[in-house]
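Here is the structure we will look at.
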Amino acid sequence: CDLAGVVYNNITLENKQKKINESLIKSKEEFETLFESFPDAILIHDFNKITNVNSSFLELFSIDSKDTILGKLFIDDFLLESNQEIRNILTNRIQQKTTFIPQIRLLKNNGSVFLAEMHVLLINLANKAHIQLTIRDITERKLIEEKLRKEEQKSMLLKQAEQVPGIIYQARMQQDGKVSYPFVSGKMLNLFNKGSNETIDGKLNLFDNVFEEDQINFEKTITKARLELKNWSLDYRVINPQKEIRWMRGNSKPVIMKDQ
C-alpha cells in the first residue's frame, strides 16, 4: 500500500511537470509568434551582444537575414551619430526600467537615413537581464507634421495679410528666369481683377501692369537687388483694371532659397 502511494505520487509529479513544460512551450511559441508579427522593429541585447531581432527589424533596416546581425557586440552600424544615452543603456549604466527616445536618426543597411522613435525596456529572459529596443520609423509622420505646421503658418499669415492695406506676396525666380508666386494675399483682386489662386497657378504676372514709362527702371532695380541681395524699395505706377494709373510703393528683401 505504501509502495502504491509512492508510485502514485511520482506519476502525479510527472504529470504536473509535463503540464508545466507544455505550458512553457506554449508560452514560448506564443511569445515567438507575437515577437515575429509585431509591426515595430524589435532588437534584443544581453548587454554583450545582439541575441534576437524580429522580421520587422530586418525589413526596416533592409537586412536580408538574422545571421548577419545576431552576435554583434553593438549597434554602431545603425547609429548615424554617437548617442551616449543608448551607449549607457547597452552598457548597463542606467537603473530605470524604461527609457523613451522621441527622435533619433538611424542608418539602414542600404545607406539610407530615417527618423525613428525608440522605446527601451529592461526585461528578463532565461533568468538573465536583457534590453529590448522597440524602434518605429517616424519619417512620414514628421513630414506630415511639418506640412501641417507650414499650412498652419500660411493660414495665420493669410489672416494677417488681409489686415494690411496692400498686397503681400512672395515671388520666386528660378535659374531659367521663370517667376512663380508661392504666396499672394487676397487683396490683389482690387488691383489685378484676379484672384490670388490664379497668380499662384501661373496665369498672371504681378509685374504685367507696371506703367510703361516705369517698366525699365522697375526691372533694373529689381535685377540689381536680386543680384546684390540688397533690399529693394521703389515708388512706381501701375494700371488697374479700370485703366486708371495708381502709384505704388514696393519693398522687398531678396534671399537665396535652399533649392536654388
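Counting begins at 1 with the first residue of the sequence. No hydrogens, no waters, no symmetry mates; every other heavy atom, side chains included, goes into these values.
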> Leu34, Leu125: one ILVMFWY side-chain cluster at the under-4.5 Å cut-off?
Replying inline: no
> Which heavy atom of Leu70 sits nearest a heavy atom of Val53, and at what distance?
Replying inline: CD2-N, 4.0 Å
> Which one of Ile138, Asp137, Ile144 satisfies the side-chain contact (heavy atoms from CB on, under 4.5 Å) criterion with Arg141?
Replying inline: Ile138
>> Would the distance check show the side chain of Asp40 and the main-chain N or O of Thr134 forming a donor-acceptor pair, the cut-off being under 3.5 Å?
In response: no
>> Quick check on Glu152: does its CD atom have over 12 non-hydrogen neighbours (other residues, nucleotides or ligands) under 6.0 Å away?
In response: no
> Salt bridge check: are Glu145 and Lys142 linked by an N-O gap of less than 4.0 Å?
Replying inline: yes
> Can you check side chain to side chain contact (heavy atoms under 4.5 Å, CB included) on Ile222 and Leu234, steps first, answer last?
Replying inline: CA-CA 9 Å; Ile222 281 186; Leu234 182 70; over 6 Å; no
> Can you name the closest pair of heavy atoms from Ala225 and Pro254 and give their distance?
Replying inline: O-CG, 3.5 Å
> At what distance, to the nearest 0.5 angstrom, does OG1 of Thr51 lie from NZ of Lys128?
Replying inline: 8.5 Å
> Do the non-hydrogen side-chain atoms of Asn231 and Asn251 ever get within less than 4.5 Å of each other?
Replying inline: no
> Which heavy-atom pair separates Ser56 from Phe38 by the least distance, and what is that distance?
Replying inline: OG-O, 2.6 Å
>> Hydrophobic clustering (ILVMFWY, side-chain heavy atoms < 4.5 Å, transitive) - are Leu107 and Leu115 grouped together?
In response: no
> If you round to the nearest 0.5 Å, how far is CG of Asn209 from CD of Gln215?
Replying inline: 9.0 Å
>> Test of understanding: clusters of I, L, V, M, F, W, Y form through side-chain heavy atoms closer than 4.5 Å, transitively. Do Leu143 and Ile104 belong to the same one?
In response: no
>> On a heavy-atom basis, which atom in Lys49 and which in Gly71 lie closest, and how many Å separate them?
In response: CB-O, 3.7 Å
>> Atom CD of residue position Glu140 - does it have more than 12 heavy atoms of other residues, nucleotides or ligands inside 6.0 Å?
In response: no
> Is there side-chain contact between Glu146 and Arg149, with heavy atoms separated by less than 4.5 Å?
Replying inline: yes
> Would you say the ring centroid of Phe114 lies under 6.0 angstrom from that of Phe61?
Replying inline: yes
> What's the spacing between Ile63 CD1 and Phe57 CZ if we round to 0.5 Å?
Replying inline: 5.0 Å
>> Would you compute the distance between atom CZ of Phe47 and atom CG of Leu122 and round it to the nearest 0.5 angstrom?
In response: 5.0 Å
> Considering residues at least two apart in sequence or located in another chain, which fulfil the salt bridge (charged side-chain N to carboxylate O under 4.0 Å, His left out) criterion with Arg237?
Replying inline: Glu213, Asp214
> Parallel, tilted or perpendicular for Tyr236 and Trp232, by the 30°/60° rule?
Replying inline: tilted
> Looking at residues at least two apart in the chain, or sitting in another chain, which of them share a salt bridge (charged side-chain N to carboxylate O under 4.0 Å, His left out) with Asp235?
Replying inline: Arg249
> With a cut-off of 6.0 Å (strictly less than), are more than 12 heavy atoms of other residues, nucleotides or ligands near CG of Asn110?
Replying inline: yes
>> Checking Ile131 against Leu121 for the side chain to side chain contact (heavy atoms under 4.5 Å, CB included) test, could you report, in this order, the C-alpha distance in whole Å, the side-chain angles of both residues, the deciding distance, and whether it holds?
In response: CA-CA 6 Å; Ile131 202 81; Leu121 178 65; over 6 Å; no
> How many angstroms lie between atom CG of Asn52 and atom CD of Gln132, to the nearest 0.5 angstrom?
Replying inline: 10.0 Å
> Roughly how far apart are Asn109 CG and Leu60 CG, rounded to 0.5 Å?
Replying inline: 11.5 Å
> Between Thr221 and Lys224, is a side chain to side chain contact (heavy atoms under 4.5 Å, CB included) present by the stated rule, with each step listed?
Replying inline: CA-CA 5 Å; Thr221 55; Lys224 186 175 186 294; 5.6 Å; no
>> Just so I know, are the side chains of Arg226 and Thr223 near enough to count as touching, which here means a heavy-atom distance under 4.5 Å?
In response: yes
> Just wondering, more than 12 heavy atoms not from Leu148 lying within 6.0 Å of its CG?
Replying inline: yes
> Does Lys66 have any salt bridge (charged side-chain N to carboxylate O under 4.0 Å, His left out) partners at least two apart in sequence or in another chain, and if so, which?
Replying inline: Glu36
> Would you say Ile44 and Ile123 make side-chain contact, with heavy atoms under 4.5 Å?
Replying inline: yes
